[in-house]
Amino acid sequence: MRIRPAGKLAIFIVVLGIAFGGYRLWQQRGGGFNIGGIGKGSVTKGHTISGDQGILGRPLRVGVNTWPGFGGGFAANGGHFKPNRDSIFWKNHNLLVEFILMDDVDPRAKAFARGDVDLVWSTVDFFANEAPGFRKGGVNPKAVIQVDWSRGGDAIVVDDSIHSVEDLKGKKIALTLFTPSHWLLASSLQNSSLDESDQDRIMKGLVGKNVSSDAEKDFVSNKVDAAVLWEPDVTNALKDRPGCHILVSTKTAANLISDILIARSEFLNQHPDAVKAFVRGWMDGTEEANRHPETVVSCLLENEPTYTDLGEDKTRETLSTVHFAGLADNAKTFGLDGSDPLFDRIFTQVGATWVRNGIITSAVAPGDVKDDRFVRAAYQAIPKKERTVTPREEFRFKPATASKRTQRAIMTRPVKIHFESNSSALTEDAKNVLDNVATLIQTYSNAYIRVEGNSASTGHAAGEVRLSQMRAESVVRYMVKRYGFDRNRFIAVGNGPYKPVASNNTEAGQAKNRRTDIKVVSK
């Protein structure tokens with residue numbers, strides 16, 4: 001999901017009296033904003049058509065921005081923004097729907113607070129930023145439905161001196177602040193071996209930009225060593241700066257950046273039948289969009305100037321950078337199948353990150369800002385034997401080759417796991433530590449995970465290697481059994497005492513060397 005900061009570095013004072021972080025646009029255009037093609041600077045009250053107005057008595061108004069991930073809804077609306085009866089929403093669910101293009105944060109937030117739109121775009125990471133402000137202003141927002149995953153549309157592009165997240169230390173990095181680009185970098189740093197002081201220095205030293213294309217220009221002109229971008233700026237950077245490459249992208253962190261629609265609690269409680277119809281129609285539309293992507297392309301070309309400028313072929317290519325979220329994806333995100341909700345994990349982690357970086361003063365609990373009853377009802381309406389459930393491991397992995405045991409990791413997250421002397425059995429405390437690592441493995445879901453056991457040099461080296469190998473394998477077994485991860489994703493390596501990070505001459509140094517490293521390795 002992309003928004004246009006409209007020429008301002010993004011903290012907008014909205015009607016709620018709280019600063020909102022600026023957000024992003026798939027490709028920036030000149031100033032101003034266009035809502036529903038009606039004109040600049042105002043929100044239409046909705047296009048109407050004569051006759052029966054359906055279950056809501058009027059068109060349901062949905063604010064979207066310039067981004068291809070809304071394809072499921074566009075397909076459900078017959079490939080149009082305007083309400084119409086030649087659509088899945090109407091034919092299957094007696095609902096008229098109007099999409100309204102809303103790229104700017106400030107007008108979009110005000111329209112949402114006033115009730116000019118019924119549902120509006122966000123991402124899980126951005127929602128963790130804005131939810132406290134909405135609530136303080138007396139608006140109770142709820143995440144209702146997941147619409148897509150970013151799958152390659154966001155990336156950290158780096159010069160040829162950077163080969164791991166740890167190499168970002170001391171480098172100049174450009175990005176659009178308070179956006180999913182910001183979150184992609186923050187998440188990568190948190191899952192690295194860089195300590196908090198190093199991470200803070202990187203975050204405080206960012207070269208902030210209004211738009212992704214400006215960050216790309218700085219990178220191509222060698223003003224910065226790295227840039228966090230979204231498409232098409234990723235492709236342009238790779239083309240225009242020799243020797244650069246992608247360090248991390250949402251092709252690897254495939255469950256990190258998720259687009260959602262939010263609604264006011266008041267509206268959900270007043271019009272549950274309309275929301276239920278909308279959610280079910282969107283799910284039908286997701287299937288239609290996957291079968292007939294040309295419908296989505298046609299809708300983007302017809303209604304969003306950015307894609308008109310890109311042209312049909314380039315617009316079609318952008319669909320490969322998103323994954324339209326169906327019921328199976330919503331089941332995993334909201335825990336409809338009884339699993340731990342991925343929404344909760346990501347939202348909590350992001351909220352803590354924004355507090356730590358001073359973007360918000362306090363975080364909101366995920367349970368207070370989601371209403372999954374509508375996707376849950378749609379999921380439960382399907383007979384159990386017919387439900388298509390997204391497996392815990394969405395991507396296929398072949399058993400790792402020998403080279404994966406030594407391939408340089410994208411990032412390394414050291415974790416302190418206490419084992420009893422000469423034992424490889426996991427204690428309850430160790431399991432709790434590993435539970436905190438599960439989010440890393442879930443979000444960076446299209447990568448191998450190498451688990452390396454390390455020890456202090458206090459005994460027989462060969463025996464310590466064997467013991468550290470057994471401990472690494474215990475970690476892998478737990479993660480596979482507890483979370484259903486694909487065993488083929490994991491590489492267990494016992495280093496013994498051969499990769500110390502501190503002196504073995506002190507107890508403190510030995511404690512540091514008795515560690516388990518969780519390493520993310522590119523496929």
Side-chain angles (χ1 to χ4, degrees), residues 68-69 71-72 146-155 184 187-188 191 245-259 286-287 289-291 293 317-342 345-346 379 385-411 413 434 437-452 472-473 475-493 518-523:
Q146 177 196 15
V147 300
D148 81 341
W149 287 110
S150 173
R151 293 285 167 84
D154 302 84
L184 176 59
S187 172
S188 299
N191 288 306
H245 61 278
I246 290 175
L247 177 63
V248 180
S249 83
T250 50
K251 282 187 177 180
T252 299
N255 288 335
L256 184 68
I257 297 176
S258 172
D259 292 285
T286 296
E287 296 180 6
N290 287 324
R291 286 193 299 263
E317 288 176 14
T318 68
L319 299 190
S320 67
T321 68
V322 297
H323 167 74
F324 300 137
L327 264 180
D329 300 286
N330 276 267
K332 182 166 68 172
T333 296
F334 291 106
L336 308 181
D337 56 359
S339 60
D340 294 336
L342 193 52
R345 283 181 170 271
I346 297 174
Y379 181 76
K385 62 180 180 180
E386 298 178 13
R387 291 177 188 169
T388 302
V389 178
T390 299
R392 301 295 174 83
E393 292 287 52
E394 184 178 346
F395 301 96
R396 292 182 177 273
F397 287 82
K398 296 179 180 179
T401 61
S403 64
K404 293 295 179 186
R405 294 178 65 87
T406 56
Q407 178 178 320
R408 186 163 185 171
I410 299 171
M411 62 188 77
R413 179 170 171 178
L434 290 175
V437 178
T439 303
L440 163 65
I441 301 174
Q442 287 174 321
T443 53
Y444 291 78
S445 56
N446 198 19
Y448 284 99
I449 302 296
R450 190 165 68 227
V451 180
E452 297 188 11
E473 290 172 353
V475 169
V476 171
R477 282 195 299 272
Y478 176 78
M479 302 306 283
V480 170
K481 182 178 180 180
R482 170 70 175 83
Y483 293 98
F485 295 130
D486 183 354
R487 178 60 182 85
N488 287 340
R489 283 188 68 191
F490 291 88
I491 307 114
V493 176
I518 309 296
K519 300 194 173 188
V520 178
V521 180
S522 171
K523 289 177 71 175

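Both backbone and side-chain heavy atoms feed into the values below; hydrogens, waters and symmetry mates do not.
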Indicate yes or no: at least one non-hydrogen side-chain atom of [X] is less than 4.5 angstrom from one of [Y].
X      : Y      : answer
Val520 : Asn191 : no
Met411 : Val248 : yes
Ile518 : Val451 : yes
Asn290 : Phe324 : yes
Ser445 : Phe485 : no
Asp340 : Arg482 : yes
Gln442 : Leu256 : no
Arg489 : Ile441 : yes

Separation between [atom1] of [X] and [atom2] of [Y], rounded to the nearest 0.5 Å:
X      : Y      : atom1 : atom2 : answer
Leu327 : Asp337 : CG    : CG    : 11.5 Å
Glu452 : Lys519 : CD    : NZ    : 4.0 Å
Ser258 : His323 : OG    : NE2   : 10.0 Å
Phe490 : Ile449 : CZ    : CD1   : 6.5 Å
Asp329 : Phe334 : CG    : CZ    : 11.0 Å
Thr443 : Arg345 : OG1   : CZ    : 10.0 Å

Strictly distance-based, threshold 3.5 Å: is any side-chain N or O of [X] a donor or acceptor partner for the main-chain N or O of [Y]?
X      : Y      : result
Arg151 : Asn255 : no
Gln407 : Ser522 : yes
Asn446 : Lys251 : yes
Arg477 : Val480 : no
Ser187 : Leu184 : no
Asn330 : Gln146 : yes

Locate the shortest heavy-atom distance separating [X] from [Y]; write the atom from each residue and the value.
X      : Y      : result
Ser249 : Ala155 : CB-CB, 3.6 Å
Thr250 : Gly153 : OG1-N, 3.3 Å
Ala331 : Ser339 : O-OG, 4.3 Å
Asp148 : Gly69  : OD2-CA, 3.2 Å

Just checking Arg396: does its CZ atom have more than 12 heavy atoms from other residues, nucleotides or ligands closer to it than 6.0 angstrom? no
Check the angle between the aromatic planes of Tyr448 and Phe397 and answer parallel, tilted or perpendicular using the 30° and 60° thresholds.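 Rings of Tyr448 and Phe397: perpendicular, as their planes differ by over 60°.
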